Amino acid sequence: MTDAKTIAFVGLGSMGLPMAGNLAKAGHQVRGFDRRKAAMDSLAAQGGIRVADLAGACEGADLLVLMVVNADQARSVLLDEGALAALPQGARVCLMATCPPDEVTRLAADVAAQGRELIDCPVSGGVVGAQGGTLTIMAAAPRASFEAVAPVLRAMGDKLYHVGETPGQGATVKAINQLLCGVHLAAAGEALALGRKAGVDGATLLEIVGGSAASSWMLKDRGPRMLQDDPPVTSAVDIFVKDLGIALAAGRGAGMALPLAAAAHQMFLAESGSGNGLADDSQVIAAYRRLNGMS
């Protein structure tokens, strides 16, 4: 491809690895870096370029994609571990992790102070979206900067939105998305737990409410797993502990109370605190069962 970019990609986890693989398939030169050698081997098998270290991934790169765990890890990679210093002047950093908006704003200022630019572009769609290149990407940056990175972002997601001119606005949109997902999921758990407490057949209840105005995407997707004793894990309870915490931080930053998000956050915290933080997030229903003396 004539507009192929040299891309450093840091964070080859369950989402990052297929995202980097899709960039390689699109014809970009992708230098992947992860603490796990097996992840870098997997990317190399998909057409990625092997590097010896983080600096080797970043030197001469047109842009750096960060698909790390949180803002602290992004800051550590960029500033403490030298990724930012290894990037050429004028290079762009695409921060695709879910982070609090105020932390993204501060990080963008630190990146700009060193002559590079941060594009705030978190994603939604999970592992399935990452694998299929069907992620939703919410990007905030000046219009010209957004247009410059858009072809790269479109190789990872088929729903790309320019949500604002200022870093932090993308993080805000992602926080709102996760607020709704978490509240809907907690509400589904509460409803199905009530049915169980009252002795109603769970499958029948789910079929009724799932086909009515009471339904939601989260109910339809997670509801069947709420009826299982040990469902497969597609997204962990602790993900919503983190993401609803970010939503609450966004509310504090905007000076806005978010009582429903706070209540949902407490239910996920309760389930995590019981030792089930790595269980499927549908198991927030178990927190309601314990609260109400149900087995």
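This structure is a prediction, so every number in the text was calculated from the model and none was measured.
- Residue C181 holds its SG atom at 5.0 Å from CE of M218, rounded to the nearest 0.5 Å.
- For the side chain to side chain contact (heavy atoms under 4.5 Å, CB included) with D281, the lone residue among V241, L185, I239, D243 that qualifies is L185.
- The nearest pair of heavy atoms linking G210 to S215 is O-OG, 3.1 Å.
- Cluster annotation: L219 and V200 are assigned to the same hydrophobic cluster (Ile/Leu/Val/Met/Phe/Trp/Tyr, side-chain heavy-atom contacts under 4.5 Å, transitive).
- When every heavy atom of C94 is checked against every heavy atom of C121, the shortest pair comes out as CB-SG, 3.7 Å.
- Contacts of N276 classified as side chain to side chain donor-acceptor pair (under 3.5 Å), with partners at least two apart in sequence or in another chain: E271, S274.
- Using a 4.5 Å heavy-atom cutoff, the side chains of L78 and L64 are in contact.
- In terms of modelled atom types and a separation under 3.5 Å, the side chain of S42 and the main chain of A38 share a donor-acceptor contact.
- Counting heavy atoms from C-beta on, the side chains of T98 and K242 come closer than 4.5 Å.
- Looking only at distances, no side-chain donor or acceptor of S235 sits under 3.5 Å from a matching main-chain atom of D280.
- Remark: T6 OG1 to L63 CG distance equals 9.0 Å, nearest 0.5 Å.
- In this structure, E207 places its CD atom where only 12 or fewer heavy-atom neighbours from other residues, nucleotides or ligands lie under 6.0 Å away.
- Pairs passing the salt bridge (Lys or Arg N to Asp or Glu O under 4.0 Å) check and including a residue from residues 8-25, sequence neighbours excluded, do not occur.
- The CZ atom of F9 sits 14.0 Å away from atom CE of M40, with the distance rounded to the nearest 0.5 Å.
- Side-chain atoms of D41 and R50, non-hydrogen and from C-beta on, do get closer than 4.5 Å to each other.
- Distance alone, capped at 3.5 Å, is enough to place a donor-acceptor pair between the T172 side chain and the G168 backbone.
- Here the closest heavy-atom approach between residue R143 and residue E165 is recorded as N-OE1, 3.2 Å.
- Around the CG atom of D230, the shell of radius 6.0 Å holds no more than 12 heavy atoms that belong to other residues, nucleotides or ligands.
- Within the 4.5 Å cutoff, the side chain of L244 has no heavy atoms near those of the Q178 side chain.
- Linking ILVMFWY side-chain heavy atoms closer than 4.5 Å, directly or via other members, places M19 and L160 in a single hydrophobic cluster.
- No side-chain donor-acceptor contact under 3.5 Å links Y288 to the backbone of A191.
- No more than 12 heavy atoms of other residues, nucleotides or ligands sit less than 6.0 Å from atom NZ of K220.
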Q) Are L135 and M15 close enough, and set up right, to give a side-chain contact (heavy atoms from CB on, under 4.5 Å), and what steps lead you there? A) CA-CA 10 Å; L135 292 168; M15 289 186 65; 3.8 Å; yes

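- K197 places a side-chain N or O within 3.5 Å of a backbone atom of N292 that can act as its donor or acceptor partner.
- Rounding to the nearest 0.5 Å gives a distance of 6.5 Å between OG1 of T234 and CG of D221.
- Under the rule for a ring pair (Phe, Tyr, Trp, His ring centres under 6.0 Å), F33 has no partner lying at least two apart in sequence or in another chain.
- The cluster map of Ile, Leu, Val, Met, Phe, Trp and Tyr, joined by side-chain heavy atoms under 4.5 Å apart, puts F268 and L248 in different clusters.
- The backbone N or O of S272 sits nowhere less than 3.5 Å from a side-chain atom of D238 that would complete a donor-acceptor pair.
- At distances below 3.5 Å, at least one donor-acceptor pair connects side-chain atoms of Q169 with backbone N or O atoms of T166.
- The two residues P101 and I246 have their closest heavy-atom pair at CD-CG2, 4.5 Å.
- Under the 4.5 Å side-chain criterion, counting only non-hydrogen atoms from C-beta, V237 is not in contact with V284.
- Using a 4.5 Å heavy-atom threshold, the side chains of E103 and D72 count as touching.
- In this structure, the side-chain contact (heavy atoms from CB on, under 4.5 Å) partners of A86, at least two apart in sequence or on a different chain, are A55, C58, E59.
- Side-chain contact between L79 and Q114: present, with at least one pair of heavy atoms (C-beta onward) separated by less than 4.5 Å.
- The salt bridge (Lys or Arg N to Asp or Glu O under 4.0 Å) analysis of residues 107-123, with sequence neighbours excluded, yields the pairs R75-D110, R92-E117.
- Of all non-hydrogen atoms in A61 and P88, the two that sit nearest each other are O-CD, 3.3 Å.
- In the hydrophobic clustering of this structure, V104 groups with L66; members are Ile, Leu, Val, Met, Phe, Trp, Tyr whose side-chain heavy atoms approach within less than 4.5 Å, directly or through other members.
- With sequence neighbours left out, H162 forms a ring pair (Phe, Tyr, Trp, His ring centres under 6.0 Å) with F146.
- Note on M67 and V51: same hydrophobic cluster, where clusters join Ile, Leu, Val, Met, Phe, Trp and Tyr whose side-chain heavy atoms are under 4.5 Å apart, directly or indirectly.
- Inter-residue side-chain proximity for M156 and M96 is flagged as met; some heavy-atom pair is nearer than 4.5 Å.
- In this structure, L23 CG and I7 CD1 are separated by 4.5 Å, a value rounded to the nearest 0.5 Å.
- Considering every non-hydrogen atom in both L54 and A83, the closest pair reads CD2-CB, 3.9 Å.
- A donor-acceptor pair is defined here as one N or O able to donate and one able to accept, closer than 3.5 Å; such a pair exists between the side chain of Q283 and the backbone of R225.
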Q: For Q46 and L17, run side-chain contact (heavy atoms from CB on, under 4.5 Å): C-alpha distance rounded to whole Å, both residues' side-chain angles, the deciding distance at 0.1 Å, then the answer.
A: CA-CA 10 Å; Q46 298 178 52; L17 180 59; 3.9 Å; yes

